[in-house]
Number of protein chains: 2
Amino acid sequence: MKLTSKGRYAVMALVDLAKFNNINPVSLRDISLRQGISLDYLEQIFAKLRKKEIVQSVRGTQGGYILNKKAKEIKLTNIFEAVDEKVKTVQCKKESKKGCNGKPVKCLTHNLWDELESHINNFFNKKSLDDLVKDNEEKSV
Amino acid sequence: MKLTSKGRYAVMALVDLAKFNNINPVSLRDISLRQGISLDYLEQIFAKLRKKEIVQSVRGTQGGYILNKKAKEIKLTNIFEAVDEKVKTVQCKKESKKGCNGKPVKCLTHNLWDELESHINNFFNKKSLDDLVKDNEEKSV
DNA sequence: AGATACTTGACTATTTTAGTCGGGTTTATA
DNA sequence: TATAAACCCGACTAAAATAGTCAAGTATCT
């Protein structure tokens, strides 16, 4: 069970962005250099973040990205959703309501995985980008 | 972020085993049929569970596997560990104590991932095989 | 002896991940 | 108005992980 780097990078990049998000947009190039993430990969990630209206882009020289909402209002859940980092514990399709794997009954452990999923999502729902930035400032004080 | 089927199968199989674990050993063939998991794959999984002394094997006809501990004492953590289903949120190596990715400082989100890891592991530590079997019995009553 | 079941190790197809690459378009500024 | 910095977009791909399969055993009950 692991977090993919797409999700990890997205969060890292957004924390970076939030820290430097004063008046001027922040360029991906800067984030790339500071965080050590490939520029091309960052572009893919930000395309998704933009589609989900988490960031806004500013084109042209001196352009870059800015947050589209307050850092407090951006939860980890939103970020992960945007980059398709879903929490997936069960294989069984949701549609079939009852029953897993073609069987008429839920598999023995179905409830467990549902519970686990909620447990994790719960964590992601509580944490906002703002929390992360603050944690970070404290650390460096 | 997803659970692999090795981990999922291991837990499913053990719940099945725990349910039928009265006097006689339970054969993988039965588990395979009941849970719809490939026999060959189950064998791989049980080899690992045996090495970690979670189950005991009984060879020969009428053989199979039995739990090596009380269901109450087998936590999900133990099961996942046995089948190499680790919870991995960070890339950064543990050895280097301070610093991630060769840099002298921890990455912006290091604490976050550590926290997430604990959060998940906490869940796994609380749940025992016995809990799962009981949940299941309640459901079918 | 034969059937059932565990044991072991090698092999492999498929999928996912983590990018790269090559071409754009937009816009500030010199 | 030329140029460079930045975003924008889609296709491609190497490597790793996953989810198995397959083959050839060994042990033990009946």
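Predicted model only: the values in this text are computed from it and were never measured. By convention in this document, chain letters (A, B, ...) are assigned in the order of the sequence lines, proteins followed by strands, and residues within each chain are numbered from 1.
Residues forming a side-chain contact (heavy atoms from CB on, under 4.5 Å) with A:R59 (at least two apart in sequence, or on another chain): none. Partners of A:D40 under the side-chain contact (heavy atoms from CB on, under 4.5 Å) rule, at least two apart in sequence or in another chain, are A:S38, A:E43. Partners of B:K127 under the salt bridge (Lys or Arg N to Asp or Glu O under 4.0 Å) rule, at least two apart in sequence or in another chain, are A:E115. Remark: A:D135 engages no residue in a salt bridge (Lys or Arg N to Asp or Glu O under 4.0 Å) (not counting sequence neighbours). In this structure, the salt bridge (Lys or Arg N to Asp or Glu O under 4.0 Å) partners of A:K134, at least two apart in sequence or on a different chain, are A:D130. Applying the side-chain hydrogen bond (donor to acceptor under 3.5 Å, both in side chains) criterion to A:S128, with sequence neighbours excluded, gives A:D131. Under the side-chain hydrogen bond (donor to acceptor under 3.5 Å, both in side chains) criterion, A:E85 pairs with A:T4, not counting sequence neighbours.
Close to C:dT7, at under 4.0 Å from its OP1 or OP2, lies a side-chain N or O of B:R50.
With rounding to whole Å, B:Q62 atom CD is found 11 Å from C:dC6 atom P. What separates CD1 of B:I45 from P of C:dT8 is a distance of 16 Å, to the nearest Å. Rounded to whole Å, atom P of C:dC21 lies 16 Å from atom CG of A:L42. Here the C1' atom of nucleotide C:dG9 and the NZ atom of B:K51 are 10 Å apart, to the nearest Å.
Every pair passing salt bridge (charged side-chain N to carboxylate O under 4.0 Å, His left out) that includes a residue from residues 3-25 of chain A is listed here, sequence neighbours excluded: A:D16-A:R34. Sorted by first and then second residue, the ring pair (Phe, Tyr, Trp, His ring centres under 6.0 Å) pairs involving residues 58-85 of chain B (not counting sequence neighbours) are B:F46-B:Y65, B:F80-B:F124.
Separation of atoms CG (A:L76) and CG (A:N121) is listed at 11.0 Å; rounding is to 0.5 Å.
If you run side-chain contact (heavy atoms from CB on, under 4.5 Å) between A:V55 and each of A:I66, A:L14, A:N21, only A:L14 comes through.
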Between N or O atoms, less than 3.5 Å apart, protein on one side and nucleotides 23-25 of chain C on the other: list the pairs.
from, atom 1, to, atom 2, distance (Å)
C:dT25, O2, A:R59, NH2, 2.8

Nucleotides 10-20 of chain C: protein proximity per nucleotide (B base, S sugar-phosphate only, - neither; heavy atom, under 4.0 Å): B------SBBB

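Bounding nucleotides for the chain B contact on DNA chain D, 5' to 3', at a heavy-atom distance below 4.0 Å, are D:dT18 to D:dC29.
Among the protein residues, B:G60 comes within range of the nucleic acid bases, having at least one heavy atom under 4.0 Å from a base atom. Counting non-hydrogen atoms under 4.0 angstrom, B:Y65 reaches the backbone sugars and phosphates but no base.
Position along DNA chain D of the nearest nucleotide to A:T61 versus A:S57 favours A:T61 as the more 5'-ward residue.
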